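Remarks on the structure that follows.
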Amino acid sequence: MVTMPENPGNISEQSTLTYLYKLGSNLLDSIVKRFSNPEKARRNRTLLMLITTGLLTMLLLPSQHLVTARYKAGEIASSDIRASQDYLLEDHVLTEQLRKKAEANAPIVYTFNETIPERLLGNTKQAFAIIQQIRETKSRQPTDEIKQQLESVFATQLTSEDINTLLKVNNETALFYSLKQILDELYSKKIILDDKVVTSDSKRGIEIKNTSGVTVGEVSSSTTFIDIEQARVILQSRRLDGVNATGSRNILSLISRGLKPNLFFDPEATEVRKKTAINDIKPVLYRVKKGEMIVRVGELVTAEQSNKLEMIYEASRGEGTFYTVFGIFGLVLLLFYFPYRFACRNIRKFNPSNRDLLAIAILIVGSFFTFKLAMLVSANIGAAFPSVSPSLYAFLFPFAAGAMIVRILINSEVSLIYCVMLAPLLGILFNSNMFVVIYALLGSVVGAHGVRQCQNRGVIYIAGLKLAVVNLAMGFCFQLINSSLFTIQTIYLIAFTVTSALFSAMLASAFTPLFESLFHYTTNIKLLELANLNSPLLRDLMVKAPGTYHHSVVVGNLAEAAAEAINANPLLARVAAYYHDIGKTSKPLYFIENMHGGENRHDKLSPHMSALILISHIKDGEAMAREKHLGQPIIDIIRQHHGTSLIKFFYEKAKNQAELTGQNVDPQEFRYPGPKPQTREAGLVMLADVVEAASRTLVNPTPDRIQGMVQKLINRIFSDGQLDECELTLKNLHEIAKSFNRILGAIFHHRIDYPEAVHKANNSGRKSNAHHGTEQSAKASGSNTTHQGSSGDDLKRLGMS
């Protein structure tokens, strides 16, 4: 009977997901590999900075117009709409109404001309100059040309009587003097063209300016005017000197016909005055606070609400101008560049690789994208909780999660710079909210500090609890600053800050394995997995090279104890020691610890070939570690655990052989390729490796001999300069030597040599004098022992050659 799979669809689904995961992982590996190309590292970093800055600029730009619906009056709102930030909006309708009113109420401008009397008097003098020409003619009769000249001067037609009157004037000086007095007296008053028009305009307001455009007064109810006709009557009622009564009447009648008002409407100045009145009206603004409900779902949108939504849309769209984009882009670029440069030059442990920078960039962009979505969601769900202040929702965001992930994946120094970059950017995202900057910065630092020795998931949640306490303290301080401590908002704040801390821990716990897997990071949690002695690589090492396996385990114990003594990373030191010699599995019988007293294969090889075989285990180990994704820290220690030290045995052998032929031996051919240890953990593995190997040669490993050996080896490695590039101090070396002495003393402690029983059968009921917990020495009984084929005697022969 054939059994069918229960759910073949699930199997197909799982295989598809597995395939997609591998495809994505391989694609990311390829990107990381290309991005980490050392030949183009600087260009790639610059490109990554610009791309990340551009993406963050898009996320930081105010984008309320992308989600704010615009409704016309009378439509039904399909969702609640709240203001996502504070707005200062212009009421265009009211502003336009006020400007139209100001234009309608703007005073009418009249120009007051003070030069008209002088002009009339000048025209009269010009006319008498022409009369003088008539008098000089023999006929004493004016020609048509002279008549036209006089008519153009007085701007009116002249009769023969008018010309004869002018010809009869004998005392022009007295005439001019009396005419000037009459005109000055007449024009000292405001002469207008139409009394009705001025009366109508005075209701709106009349502003009087002189010919230079300077305001000289206003028309009020007490202002008196003289109509132009009335002014002519007044002029004709006067008497000129130098002529008789008839001549005076005729000349004044002639002048009155050219009489003009000295106060007249100025259309150009009036138009300018209207524009000035319009410009004096400032835009009518009103404030819309963040979280304010604009319209509720299901409501009939009013004209006022429609107008407000339109204004918010326009205001939001106006914020996304070119200048805003350029300003945010430049600010983000500065926030990235200068902290990074400062850290590179001043913080020794700040040395992120291109892979680290790519992971951080993805983390930052992903975080801000999530925060942006969360802001939009909080703005929309705020209607369901009207009692909660919208400003408190910021304290719900898990700002510290990113810093915790960076600290677990890389180190404290990179995490600190991440916090310094992140906090100001969050301030921009939350509308320049300084409380958010402080909350994000301090919370991120505390969260990163809490996971500094993360060896299991529980440490992350303990860090979350510590973060909750600090978040609460900051929240209370913010409420005190706002004088809102004893309000219902404080209760919400407590809930939000605690939730934020726990949520940060949850996200850090969830996403750390993802980044760890995608970017092949080696965290303490990964190290714990690698520390399992049943891992494939270590089991393979145990089978193929059991001596190397045992050596590696002891080196791991020595390195771990030394790391604890100098406050290094004990877990990294121990795990790296387990794997530091995995390259020996390719040629295990060429290493002394795996020969077991058998044939020494190096006897048939030249010293140079033997040295090459010994050196090859570094490259083989590095290749195996990369293939199994052990992580860069372990790969580095595999490469560095011999540094550039000399393979002394084969060097001396080669030198002795060369002396027979008179040749020279280059010691560089017998040195490991390096590099020298770059970290304290790498230095510890180097020291533990040498000390453990040398301890096997001690004939009588007493504490004094162990101590002398350890001191001698450490001094030799130090003098050879192998520790020059790691951060081990002389004080550290002293503590390392003490820890090595303690561990080796425990390994090579003295045992009691128990005598073997002669009559085993007869003394079976007696108790042994062996000390509890010690091992009996398994010596052969010699020829005096009688073997009768018992099972115990048969077992003794097993494994014997």
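Because the structure is predicted, anything quoted here is derived from the model rather than measured.
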Residues at least two apart in sequence or cross-chain that pass side-chain contact (heavy atoms from CB on, under 4.5 Å) with A448, listed by chain then number, are A403, R407, S415
Those residues at least two apart in sequence (or on a different chain) that pass salt bridge (Lys or Arg N to Asp or Glu O under 4.0 Å) with K731 are none
Heavy atoms of A401 and A508 approach each other most closely as O-CB, 4.3 Å
So ring-ring contact (aromatic ring centres under 6.0 Å, His included) across residues 523-572, not counting sequence neighbours, yields H551-H580
Of all heavy-atom pairs linking V691 and L713, the shortest is CA-CD1, 3.8 Å
Shortest non-hydrogen pair, G464 vs A505, comes out as CA-CB, 4.0 Å
So the side-chain hydrogen bond (donor to acceptor under 3.5 Å, both in side chains) pairs with at least one residue in residues 583-592 (sequence neighbours excluded) are D581-K584, K584-E593, S586-D620
Residues pairing under salt bridge (charged side-chain N to carboxylate O under 4.0 Å, His left out) where one sits in residues 648-675, two or more places apart or in two chains, turn out to be E652-K655, R671-D720
Ignoring hydrogens and geometry, is there a side-chain-to-backbone donor-acceptor pair from S444 to A440 under 3.5 Å? yes
In this structure, CD1 of I410 is separated from CG of L357 (nearest 0.5 Å) by 8.0 Å
Could you tabulate the donor-acceptor pairs under 3.5 Å formed by side-chain atoms of residues 623-635, not counting sequence neighbours?
{"unit_1": "R626", "atom_1": "NE", "unit_2": "E622", "atom_2": "OE2", "d": "3.4"}
{"unit_1": "R626", "atom_1": "NH2", "unit_2": "E622", "atom_2": "OE2", "d": "3.3"}
{"unit_1": "Q632", "atom_1": "NE2", "unit_2": "D636", "atom_2": "OD1", "d": "2.8"}

Closest non-hydrogen contact found for I613 with F591 is O-CZ, 4.1 Å
Using distance only, find each side-chain donor-acceptor pair of residues 674-684 under 3.5 Å and give its atom names and separation, not counting sequence neighbours.
{"unit_1": "K676", "atom_1": "NZ", "unit_2": "G721", "atom_2": "O", "d": "3.1"}
{"unit_1": "Q678", "atom_1": "NE2", "unit_2": "K676", "atom_2": "O", "d": "2.7"}
{"unit_1": "Q678", "atom_1": "NE2", "unit_2": "E725", "atom_2": "OE1", "d": "2.5"}
{"unit_1": "T679", "atom_1": "OG1", "unit_2": "A682", "atom_2": "N", "d": "3.2"}
{"unit_1": "R680", "atom_1": "NH1", "unit_2": "I566", "atom_2": "O", "d": "3.0"}
{"unit_1": "R680", "atom_1": "NH2", "unit_2": "N567", "atom_2": "O", "d": "2.9"}
{"unit_1": "E681", "atom_1": "OE2", "unit_2": "N569", "atom_2": "N", "d": "2.9"}

- Message: Can you classify the ring geometry of F519 versus Y521 as parallel (below 30°), tilted (30 to 60°) or perpendicular (above 60°)?
- Response: tilted
Taking atom CE as the centre, does M506 end up with more than 12 heavy-atom neighbours from other residues, nucleotides or ligands that are less than 6.0 angstrom away? no
For K544, the salt bridge (Lys or Arg N to Asp or Glu O under 4.0 Å) test, sequence neighbours excluded, returns D540
Residues I405 and L507: closest non-hydrogen pair is CD1-O, 4.2 Å
Identify each donor-acceptor pair in which a side-chain atom of residues 342-349 lies under 3.5 Å from a protein atom, sequence neighbours left out, and give them as a table.
{"unit_1": "N346", "atom_1": "ND2", "unit_2": "F342", "atom_2": "O", "d": "2.9"}

Applying salt bridge (Lys or Arg N to Asp or Glu O under 4.0 Å) to R696 and not counting sequence neighbours gives E692
F649 meets the side-chain contact (heavy atoms from CB on, under 4.5 Å) criterion, sequence neighbours left out, with none
| field | Distance-only donor-acceptor check, side chains D356 and S353, under 3.5 Å | value | yes
Looking just at side-chain N and O atoms, do N557 and R574 make a donor-acceptor pair shorter than 3.5 Å?
no
On a heavy-atom basis, the closest approach of V685 and V555 is O-CG1, 4.3 Å
* Asked: More than 12 non-hydrogen atoms from neighbouring residues, nucleotides or ligands closer than 6.0 Å to CZ on F718, yes or no?
  -> no
Here the ring-ring contact (aromatic ring centres under 6.0 Å, His included) pairs for residues 653-682, sequence neighbours left out, are H608-F670, H642-Y672, Y651-F670
